[in-house]
Amino acid sequence: MALIQFVPILMSLIIFFMFLNLLKKLFRKSAKKLPPGPFKFPIVGNLLQVTGALPHRSLYNLSKTHGPLMHLQLGEVSAVVISNPRVAKEVLKTHDLCFADRPTLLLGNIILSNCRDIVLARYGEHWRQFRKICTLELLSANKVRSFRTIREEEARDLIQSIQSTSGSPVNVSEKVSHLANSITCRSTIGKRCKYEHELIEATENIAYWGAGFFMADLFPSMLVFPVLSGMKPALKKVRRELDHIFDYIINEHKEKLASRKDQGTKLDAEEEDLVDILLRINDTLQLEFPVTSNDIQGIVLDMFTAGTDTSSAVLEWAMSGHGVRPLMGNKRMFCSVSVQNKRSSGRNRRADLGDKARAQRSHGGTNTEGSSEGSTEENRSIRRDHRFGRNINTLRADT
């Protein structure tokens with residue numbers, strides 16, 4: 001009973017000393033010359049000025065007042081915000097080695113086994129080796145072209161799915177998100193995995209915990225914040241799920257490669273997914289840092305997070321009314337795209353990437369004005385496309 005009475009006093013002393021340590025870090029004079037920035041409040045810094053539903057809008061409004069290069073204090077984290085293309089080029093290209101390191105985040109330490117990936121890894125020999133593998137093997141032009149069949153099959157499934165709902169409203173966001181997820185999943189781990197939905201759900205959780213302003217990352221010296229905020233338990237739960245999923249995926253790929261090796265055959269370029277490539281490189285090349293299961297998990301998660309949400313967001317943005325030239329409801333744009341598609345690919349064949357390149361060389365991009373000359377068949381296509389545009393407008397008005 002006597003010990004229980006001292007618990008509140010002990011907790012108060014711990015919080016008091018942590019608070020003093022935080023104040024010392026915030027008010028410590030820095031020898032670095034920092035860019036100008038808005039007024040910084042005690043302890044929280046500029047958090048109150050940037051947090052909200054649309055942080056990027058807040059940063060844009062602040063940059064209009066304080067210039068394209070400004071300093072923000074986000075809790076204990078000192079940040080420099082760049083909003084000018086010329087200055088961004090200086091940072092990302094001219095002086096890229098000076099800014100190559102990444103901050104230490106709780107998400108990277110737990111989900112990625114101390115940042116065993118490319119996006120959050122510390123700059124060094126390990127990062128350079130895996131960046132080279134990605135450049136020459138995983139994301140080379142030939143490898144991206146080898147995934148063409150996957151993209152065409154998933155795009156065809158998307159079209160058939162929309163056609164099957166004729167007369168009913170279509171959730172384009174959901175359809176486009178499913179398209180991006182399916183293409184990325186098949187490109188990284190091959191055939192549709194029985195844990196595909198669990199993997200996508202885990203990736204969405206990672207994107208949530210990695211995209212917000214969380215106290216555990218903004219106040220890293222406050223060791224109680226990761227537990228009190230629920231971030232650490234949630235990330236550990238996601239990590240356990242990912243370990244189970246990737247153990248199954250990696251073992252399945254190893255068995256497939258061992259079976260092919262016993263038969264004396266190799267996988268074709270179009271059959272190899274990203275996991276196959278990483279396992280092959282680890283077996284055939286003398287690497288300074290062997291490819292471990294944690295490395296495979298980290299790189300595949302990088303591909304997932306980079307290829308799912310961003311791709312679907314761009315497609316949705318381009319098709320909606322937020323783009324510079326939105327497609328939805330733009331009758332002239334639909335008309336021109338349809339006519340050029342038929343000119344380049346023919347009426348009885350699906351368009352492919354080669355047709356797109358030929359159309360761009362022939363027409364110099366999309367001609368939104370259309371053409372007053374053409375065959376009777378093309379004029380009929382134009383009238384049909386205008387009717388299709390009216391139907392799209394009706395659909396948007398109904399939904």
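Remark: R122 engages D101 in a salt bridge (charged side-chain N to carboxylate O under 4.0 Å, His left out) (not counting sequence neighbours). Looking at residues two or more places apart in sequence or on another chain, you find no ring pair (Phe, Tyr, Trp, His ring centres under 6.0 Å) involving F246. Residues passing the salt bridge (charged side-chain N to carboxylate O under 4.0 Å, His left out) test with R280 are E137, E272, sequence neighbours excluded. D117 pairs by the side-chain hydrogen bond (donor to acceptor under 3.5 Å, both in side chains) definition with nothing, not counting sequence neighbours.
The two residues Q73 and G75 make their nearest non-hydrogen contact at NE2-O, 3.1 Å. Of all heavy-atom pairs spanning A88 and I82, the tightest one is N-CG2, 3.6 Å. What you find for G108 and L120 is that their closest heavy atoms are CA-CD1, 4.0 Å. Taking all atoms of both residues into account, the shortest heavy-atom contact from D302 to I118 is OD2-N, 3.0 Å. When all heavy atoms are compared, the tightest approach of C134 to M303 is SG-CE, 3.9 Å.
A donor-acceptor pair under 3.5 Å links the side-chain atoms of S140 to the main chain of K143, judged by distance alone. Looking only at distances, no side-chain donor or acceptor of E174 sits under 3.5 Å from a matching main-chain atom of V176. For N181 (side chain) and S177 (main-chain N/O), a donor-acceptor pair under 3.5 Å exists by modelled atom type. Here the side chain of R116 pairs no donor or acceptor atom with the backbone of D295 at under 3.5 angstrom. A donor-acceptor pair under 3.5 Å links the side-chain atoms of T188 to the main chain of T184, judged by distance alone. Under the 3.5 Å distance criterion, the side-chain polar atoms of K93 are left unmatched by any main-chain donor or acceptor of V91. A donor-acceptor contact shorter than 3.5 Å links the side chain of H253 to the backbone of I189. Remark: the backbone N or O of L301 is paired with a side-chain donor or acceptor of T305 at under 3.5 angstrom.
Checking S221 against E76 by side-chain atom types alone, a donor-acceptor pair falls below 3.5 Å. H71 and N46 share no donor-acceptor pair across their side chains, judged by distance under 3.5 Å alone. For the 3.5 Å distance criterion, the side chains of S58 and N61 fail to qualify, holding no donor opposite an acceptor. No side-chain donor-acceptor contact under 3.5 Å links S187 and R151.
Looking at E152 and R156, no side-chain N of the basic residue comes within less than 4.0 Å of a carboxylate O on the acidic one, giving no salt bridge.
Residues L279 and N282 have side chains not in contact (no heavy-atom distance under 4.5 Å, counting atoms from C-beta outward). For the pair P38 and T65, the minimum side-chain heavy-atom distance is 4.5 Å or more. Side-chain contact check for I183 versus L179: some heavy-atom pair is nearer than 4.5 Å. Between E153 and S182 there is no side-chain heavy-atom pair separated by less than 4.5 Å. Within the 4.5 Å cutoff, the side chain of E125 has no heavy atoms near those of the Q129 side chain. A heavy-atom distance below 4.5 Å is not found between the side chains of L72 and Q49. Side-chain atoms of L257 and D276, non-hydrogen and from C-beta on, do get closer than 4.5 Å to each other. Counting heavy atoms from C-beta on, the side chains of M70 and P36 never come closer than 4.5 Å.
More than 12 non-hydrogen atoms from other residues, nucleotides or ligands lie less than 6.0 angstrom from NZ of K256. Within a 6.0 Å sphere centred on CZ of R131, heavy atoms belonging to other residues, nucleotides or ligands number 12 at most. Within 6.0 Å of the CZ atom in R57, the count of heavy atoms belonging to other residues, nucleotides or ligands does not exceed 12.
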For residues 202-220, please give each side-chain donor-acceptor pair under 3.5 Å, one per line with the distance, not counting sequence neighbours.
from: T203; atom 1: OG1; to: L199; atom 2: O; distance (Å): 2.8
from: N205; atom 1: ND2; to: E201; atom 2: O; distance (Å): 3.4
from: D217; atom 1: OD1; to: L106; atom 2: N; distance (Å): 3.2

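Taking hydrophobic clusters as Ile, Leu, Val, Met, Phe, Trp and Tyr residues chained together by side-chain heavy-atom distances below 4.5 Å, Y60 does not share a cluster with L69. By the rule that hydrophobic residues join a cluster once side-chain heavy atoms approach within less than 4.5 Å of another member, Y248 and V238 end up as members of one cluster. Taking hydrophobic clusters as Ile, Leu, Val, Met, Phe, Trp and Tyr residues chained together by side-chain heavy-atom distances below 4.5 Å, V291 shares a cluster with L274.
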Determine, step by step, whether R86 and E90 satisfy the salt bridge (Lys or Arg N to Asp or Glu O under 4.0 Å) criterion, reporting the C-alpha distance in whole Å, the side-chain angles of both residues, the deciding distance to 0.1 Å, and the verdict.
CA-CA 7 Å; R86 182 182 62 82; E90 290 288 321; 5.6 Å; no
Begin with the C-alpha distance, continue with both residues' side-chain angles, and end with the deciding distance and a verdict on side-chain hydrogen bond (donor to acceptor under 3.5 Å, both in side chains) for T94 and K89.
CA-CA 7 Å; T94 308; K89 182 180 179 181; over 6 Å; no
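The stretch residues 121-144 participates, sequence neighbours left out, in these ring-ring contact (aromatic ring centres under 6.0 Å, His included) pairs: Y123-W127, H126-F130, H126-F289.
From C185, atom SG reaches atom NE2 of H197 across 9.0 Å, with rounding to the nearest 0.5 Å.
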